[in-house]
Protein chains: 2
Amino acid sequence: MDFTEDTATAAVQESFQNTSDPRLREIVTTLTRHLHEFVREIRPTQREWGQAIEFLTAVGHTCDDTRQEFVLLSDVFGVSMLIETINGGDGDATDGTVLGPFHMTESPRRELGDTIDLIGTGQQCEVSGTVTAVDGTPLAGAVIDVWQATDHGFYDVQQPGIQPPGNGRGLFTADDQGRFHFRTVVPSHYPIPTDGPIGRLLGATGRHPYRPAHIHFIASAPGYETVTTHVFVADSPYLDSDAVFAVKRSLVVDFVPGDDGIRHAAFDIALEQAQ
Amino acid sequence: MDFTEDTATAAVQESFQNTSDPRLREIVTTLTRHLHEFVREIRPTQREWGQAIEFLTAVGHTCDDTRQEFVLLSDVFGVSMLIETINGGDGDATDGTVLGPFHMTESPRRELGDTIDLIGTGQQCEVSGTVTAVDGTPLAGAVIDVWQATDHGFYDVQQPGIQPPGNGRGLFTADDQGRFHFRTVVPSHYPIPTDGPIGRLLGATGRHPYRPAHIHFIASAPGYETVTTHVFVADSPYLDSDAVFAVKRSLVVDFVPGDDGIRHAAFDIALEQAQ
């Protein structure tokens, strides 16, 4: 029987029926249905199909060891944040948010109190907090992986030769009471990379590319669910229109000027027990 | 307001409201809805999301000047054929089918009667026909672009150094009565490329990678809709399970043994008037 608009979806789903992994079978047959529904609704011309192929190819060719344009694509369509939300813990754990495309290198191990700012210009600050279980029990030895853009809005991997590798990154181990603290520069808001296909997409759709100022965190402890999140700087622009939809109110933190001439941000992290 | 599972789709669609091109706005807002529906139904884990990002990146990195893995991805999910079907002409024009990923180089101009088989082994054949309007009016000077795999099942671009460039390809101009004829080798069925991510996908989903034997055609004439199609060899295996869903019964042609020791295939092409 010929492949027609009416028989197409069943024919493709049928072809996947010998998939041995039931989860993979569910994913590919469900993806087939949604892809075909999208195509039947939009009714792309052959020229539009060709433009879509070119766009995806350009996204792929923009990915390298230090750049992940497909993560950006997922981010700007809210897919990353939707998946983060679906997988989020209960209300007592710290809210998660997107991983983003810049967690591509291993953060250097640093001692509590060290700075992750290897340049030293800009407004300095100290970030401190405690990692606990949701019932408040301190998690001694919890690991906190942090990474951020500079006060000019760039990650180290975006400026090789300008920033030293590992600038703005640190892997810290909490003390025996779950406490951590480190020094850094107050990060700037910044545009996601606009020189590739995602930047062109944002331009064509009248969207700005900016993210509010933030520091990325991944906090983990044995026996607990790892949380991937950000601390957002409370006086940053774009908190209401993050290009990747990642802001949660619970993650917006005041960076308070102190008598010591630097700013201070407090961010406690609560982890759910692993299931 | 925080981004939640319930508010996600509206928030992303709202971000696209300043898109100046109304068709692009329709595409991105509709794509957002279908992407989010897929995600809400499948509820991917973060690990599965990471695997999807890796898969798409590998597809992009497999694309180069002579290979188009995103076209293959579109093909094996039946998306290419669905779009071809949606854009197909009325019942009187020759049925279209997928372009496929191998129309990547310009076909060399050849004279009517020339062979496109620059190797000369295998079962030889002659393909002939007439290009007309749907009312039967011959289309003098119609252009027929043909390309095919060898009797071993490979396109020239897949075997640089083994096949001469342009082997299996030809650009012909019909005579003043719309007639064309050329010589070639009877093509073989073949697997779509299995050494990349799409091959791994087919393997993981228990699908074979084979396409029935065929010759690609693009026929065009001024004032008429161009048709992209295939001639399928009637005694080929896999006519019932083409990996890219491209077989239409109207395109299956007998390659009839002749007294002259070669096989003969007749394929007339009818084009719709351009709108």
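Here is the naming used below: chain letters follow the sequence lines, and residue numbers restart at 1 for every chain.
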B:V28, B:D64, B:L82: which one forms the most heavy-atom pairs within less than 4.5 Å of chain A?
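Counting heavy-atom pairs under 4.5 Å, the top option is B:L82.
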Best-contacting candidate, B:R25, B:R43, B:Q68, against chain A by heavy atom pairs under 4.5 angstrom:
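Max contact count across the listed options: B:R43.
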Would you compute the distance between atom CD of B:E37 and atom CD of A:E37 and round it to the nearest 0.5 angstrom?
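One finds 7.0 Å between CD of B:E37 and CD of A:E37.
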Rounded to the nearest 0.5 Å, how far does CD of A:E5 lie from CE of B:M81?
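So the CE of B:M81 and the CD of A:E5 are separated by 12.0 Å.
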Name the region of [X], side chain, backbone, both or neither, that has any atom closer than 4.5 Å to a heavy atom of chain B.
X	value
A:E48	side chain
A:L31	both
A:S74	side chain
A:L56	both
A:V59	neither

Below 6.0 angstrom between ring centroids: does that apply to B:F70 and A:F55?
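So the answer is no for these two rings.
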Between B:F38 and A:F38, is the ring centre distance below 6.0 Å?
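Not close enough - the centres of the two rings lie 6.0 Å or further apart.
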Please look at B:I83 and chain A and tell me whether the side chain, the backbone, both or neither of the residue comes under 4.5 angstrom of a heavy atom of that chain.
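When you check distances to chain A, atoms from both the backbone and side chain of B:I83 fall under 4.5 Å.
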Indicate yes or no for a side-chain donor-acceptor contact from [X] to the backbone of [Y] under 3.5 Å, with no hydrogens or angles considered.
X	Y	answer
B:H61	A:C63	yes
A:H34	B:V39	no
A:N18	B:T205	no

Only pairs of heavy atoms separated by less than 4.5 Å count here; which of A:A204, A:A246, A:A52 has the most with chain B?
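Greatest number of close heavy-atom pairs with chain B: A:A204.
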